[in-house]
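This report refers to the structure that appears directly beneath it.
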There are 2 protein chains.
Amino acid sequence: MVKKKAKSPDADAEQRILDAAHVVFVRRGTAGARMQEIADEAGVNKALLHYYFRSKDRLALAVFQRVAGAVFGRIAQVLASDAELEEKVRGIIAIYLDQFSKTPYAPAYVISEVNLHPERASQFLEMISRTTGAAPVQMLALLQRQIDQRVRAKTMREIAADQFFTNLISLCVFPFAAKPLLCAVLQLDDAGFREYIQRRKVALPRFYLDALRI
Amino acid sequence: MVKKKAKSPDADAEQRILDAAHVVFVRRGTAGARMQEIADEAGVNKALLHYYFRSKDRLALAVFQRVAGAVFGRIAQVLASDAELEEKVRGIIAIYLDQFSKTPYAPAYVISEVNLHPERASQFLEMISRTTGAAPVQMLALLQRQIDQRVRAKTMREIAADQFFTNLISLCVFPFAAKPLLCAVLQLDDAGFREYIQRRKVALPRFYLDALRI
DNA sequence: GTCTATACGGCGATAGAC
DNA sequence: GTCTATCGCCGTATAGAC
């Protein structure tokens with residue numbers, strides 16, 4: 001299932017199928033995606049999808065893990081690191097806004113998936129733990145310790161670690177998840193949206209850190 | 001199509017169908033929903049769905065407009081009102097957190113819909129304009145004027161109206177949109193999530209207004 | 001208005017040739 | 001490993017009785 005042969009002319013068929021599935025599942029949603037469309041996108045026959053991935057469900061899982069991992073792995077690493085709190089905030093904002101500028105569809109796709117398939121939430125959690133070696137609870141605990149330290153030193157306002165965390169993620173992720181809505185409300189085309197995000201790269205760290213300064 | 005007869009025993013069949021469709025479309029997603037499941041949920045026959053709504057597409061549109069309207073109509077009214085800026089912030093946070101406590105599924109559903117069906121974004125916009133009588137651009141302009149006024153009076157930090165707006169909405173909506181993920185990461189069950197939201201009702205206005213104070 | 005029965009197409013999955 | 005052909009089911013939609 002993981003093995004590859006060097007025989008195929010260009011990229012592995014398996015890899016091409018996974019890439020195609022990625023595109024189609026994101027474009028149509030998991031339930032709306034069609035195996036035929038994925039085969040066309042990959043330039044192979046429908047039957048080959050089953051040869052490599054057995055079923056649509058397994059293919060969908062492979063794509064979900066790929067997208068979710070690319071999106072949240074790096075964040076978890078930053079949070080679990082021993083960097084200063086302010087550095088973490090700046091780092092996470094920069095990483096997220098850059099990453100999603102390249103894959104703006106990812107947030108909405110992940111949100112849809114976890115809401116429609118409850119098992120995805122635990123698969124997601126497991127992947128984070130496997131990738132970073134640390135469970136999310138431990139990250140939260142570390143965060144709380146860093147916050148408490150700054151609060152005692154009177155260099156930061158008091159805030160619960162879970163609110164700190166969700167505020168930060170919300171501000172980074174939501175504009176991409178709701179991109180079509182935002183573009184409609186703010187009357188932006190794709191170029192306008194990119195400009196909006198560019199401005200946000202500057203405005204967001206300021207906004208977030210201002211909220212916590214004494 | 002809009003007419004009702006007083007003949008049916010309890011609630012109109014049409015209304016029961018719409019209610020059932022609401023539940024099922026949200027639970028399964030639009031593509032994953034089955035007309036049979038909606039019929040069962042409504043306690044009627046499958047054929048009756050087509051009698052009232054002609055097709056699955058039209059039924060899906062009716063449900064989307066209903067959910068999106070319930071969610072964003074009140075917000076638009078607050079934003080377009082002549083209330084003080086701080087009052088608007090407190091009002092929107094209170095309304096959103098209360099509303100979504102009752103219908104936590106709504107944000108993820110709307111996000112999925114607008115990303116999968118591009119035409120939904122303009123339908124959404126049109127509905128806002130129809131409900132509130134004001135186009136979103138005008139709300140943004142009003143917001144910018146209120147911000148500029150406060151900035152000139154040195155009672156608030158400078159911020160662009162679109163960032164002001166998206167920050168506020170992000171902080172309110174995202175935790176519900178990503179609820180399954182949040183519950184997994186923060187290790188919350190449904191009761192724990194409710195407590196988290198209760199704490200957020202207090203923490204969020206403080207956080208947001210602190211970010212803008214001088 | 002509401003039901004039963006059915007037409008019709010599409011989709012996931014598999015068999016089997018090459 | 002990749003293809004063609006096909007199976008069998010399920011889902012939307014409609015016809016027609018009551």
Side-chain angles (χ1 to χ4, degrees), chain A residues 1-64 112-113 116-117 119-120, chain B residues 1-64 112-113 116-117 119-120:
Chain A
M1 198 201 300
V2 224
K3 209 155 45 84
K4 308 279 174 57
K5 298 185 70 175
K7 195 180 170 188
S8 44
D10 41 314
D12 269 29
E14 184 174 355
Q15 189 58 43
R16 286 211 317 279
I17 289 170
L18 194 57
D19 290 343
H22 185 135
V23 171
V24 174
F25 276 125
V26 163
R27 177 166 52 205
R28 307 284 183 203
T30 302
R34 298 291 161 243
M35 295 298 267
Q36 184 60 59
E37 189 175 356
I38 296 172
D40 294 347
E41 184 87 24
V44 299
N45 191 275
K46 214 175 48 162
L48 211 59
L49 273 55
H50 290 93
Y51 175 81
Y52 281 113
F53 293 93
R54 264 187 63 90
S55 73
K56 185 184 173 182
D57 269 3
R58 284 173 190 249
L59 188 51
L61 177 57
V63 169
F64 173 76
S112 301
E113 278 299 290
L116 260 29
H117 310 282
E119 72 272 19
R120 290 284 141 93
Chain B
M1 198 202 299
V2 225
K3 208 154 45 87
K4 307 279 174 57
K5 298 185 71 172
K7 196 182 171 189
S8 45
D10 42 314
D12 270 28
E14 184 174 355
Q15 190 59 44
R16 287 210 319 279
I17 290 171
L18 194 56
D19 290 343
H22 186 135
V23 171
V24 175
F25 276 126
V26 163
R27 176 165 52 206
R28 307 285 183 202
T30 302
R34 299 289 162 244
M35 296 297 267
Q36 184 60 60
E37 188 174 356
I38 296 172
D40 294 346
E41 185 86 23
V44 299
N45 190 277
K46 218 174 41 163
L48 210 60
L49 273 55
H50 290 92
Y51 175 80
Y52 281 113
F53 293 93
R54 265 188 62 90
S55 74
K56 185 184 173 181
D57 269 4
R58 284 172 189 250
L59 187 51
L61 177 58
V63 169
F64 173 76
S112 301
E113 279 298 292
L116 261 29
H117 310 283
E119 71 273 19
R120 290 284 141 92

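Below, chains carry the letters A, B, ... as their sequence lines are ordered, and counting in each starts from 1.
The nearest whole Å value for the distance from the CZ atom in A:Arg54 to the P atom in C:dT14 is 7 Å. Atom OH in A:Tyr52 sits roughly 10 Å away from atom P in D:dC3 (whole-Å rounding). Remark: C1' of D:dA13 and CG of B:Leu48 are 14 Å apart, rounded to the nearest angstrom. Summarising the geometry, the separation between CG on A:Asn45 and P on C:dT14 is reported as 15 Å, rounded to the nearest angstrom. Between A:Glu14 atom CD and D:dT2 atom C1' the separation is 14 Å, expressed in whole Å. Spacing between atom CG of A:Asp12 and atom P of D:dG1 amounts to 9 Å, rounded to whole angstrom units. To the nearest angstrom, P of C:dA13 lies 10 Å from CZ of A:Arg58.
Residues forming a side chain to side chain donor-acceptor pair (under 3.5 Å) with B:His22 (at least two apart in sequence, or on another chain): B:Arg66, B:Tyr105. Residues passing the side chain to side chain contact (heavy atoms under 4.5 Å, CB included) test with B:Ala33, sequence neighbours excluded: B:Val24, B:Phe25, B:Arg28. Listed by chain and residue number, nothing satisfies the side chain to side chain donor-acceptor pair (under 3.5 Å) test with A:His50 (two or more places apart in sequence, or in another chain). The side chain to side chain contact (heavy atoms under 4.5 Å, CB included) test applied to A:Ala62 returns A:Leu18, A:Phe53, not counting sequence neighbours. Residues passing the side chain to side chain donor-acceptor pair (under 3.5 Å) test with A:Asp40, sequence neighbours excluded: A:Gln36.
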Just the table, please: protein N/O against nucleotides 8-12 of chain D N/O, every pair under 3.5 Å.
| unit_1 | atom_1 | unit_2 | atom_2 | d |
| --- | --- | --- | --- | --- |
| D:dG11 | OP1 | B:Arg34 | NE | 3.4 |
| D:dG11 | O5' | B:Arg34 | NE | 3.4 |
| D:dT12 | OP1 | B:Ala33 | O | 3.4 |
| D:dT12 | OP1 | B:Lys56 | NZ | 3.3 |
| D:dT12 | OP2 | B:Met35 | N | 3.0 |

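Among the nucleotides D:dG1, C:dG1, D:dT4, the one closest to the side chain of A:Ala47 is D:dT4.
Between A:Tyr51 and C:dA13 there is no side-chain N or O to OP1 or OP2 distance below 4.0 Å.
A pairwise comparison of heavy atoms in A:Ala13 and A:Leu48 identifies CB-CD2, 4.2 Å as the closest pair.
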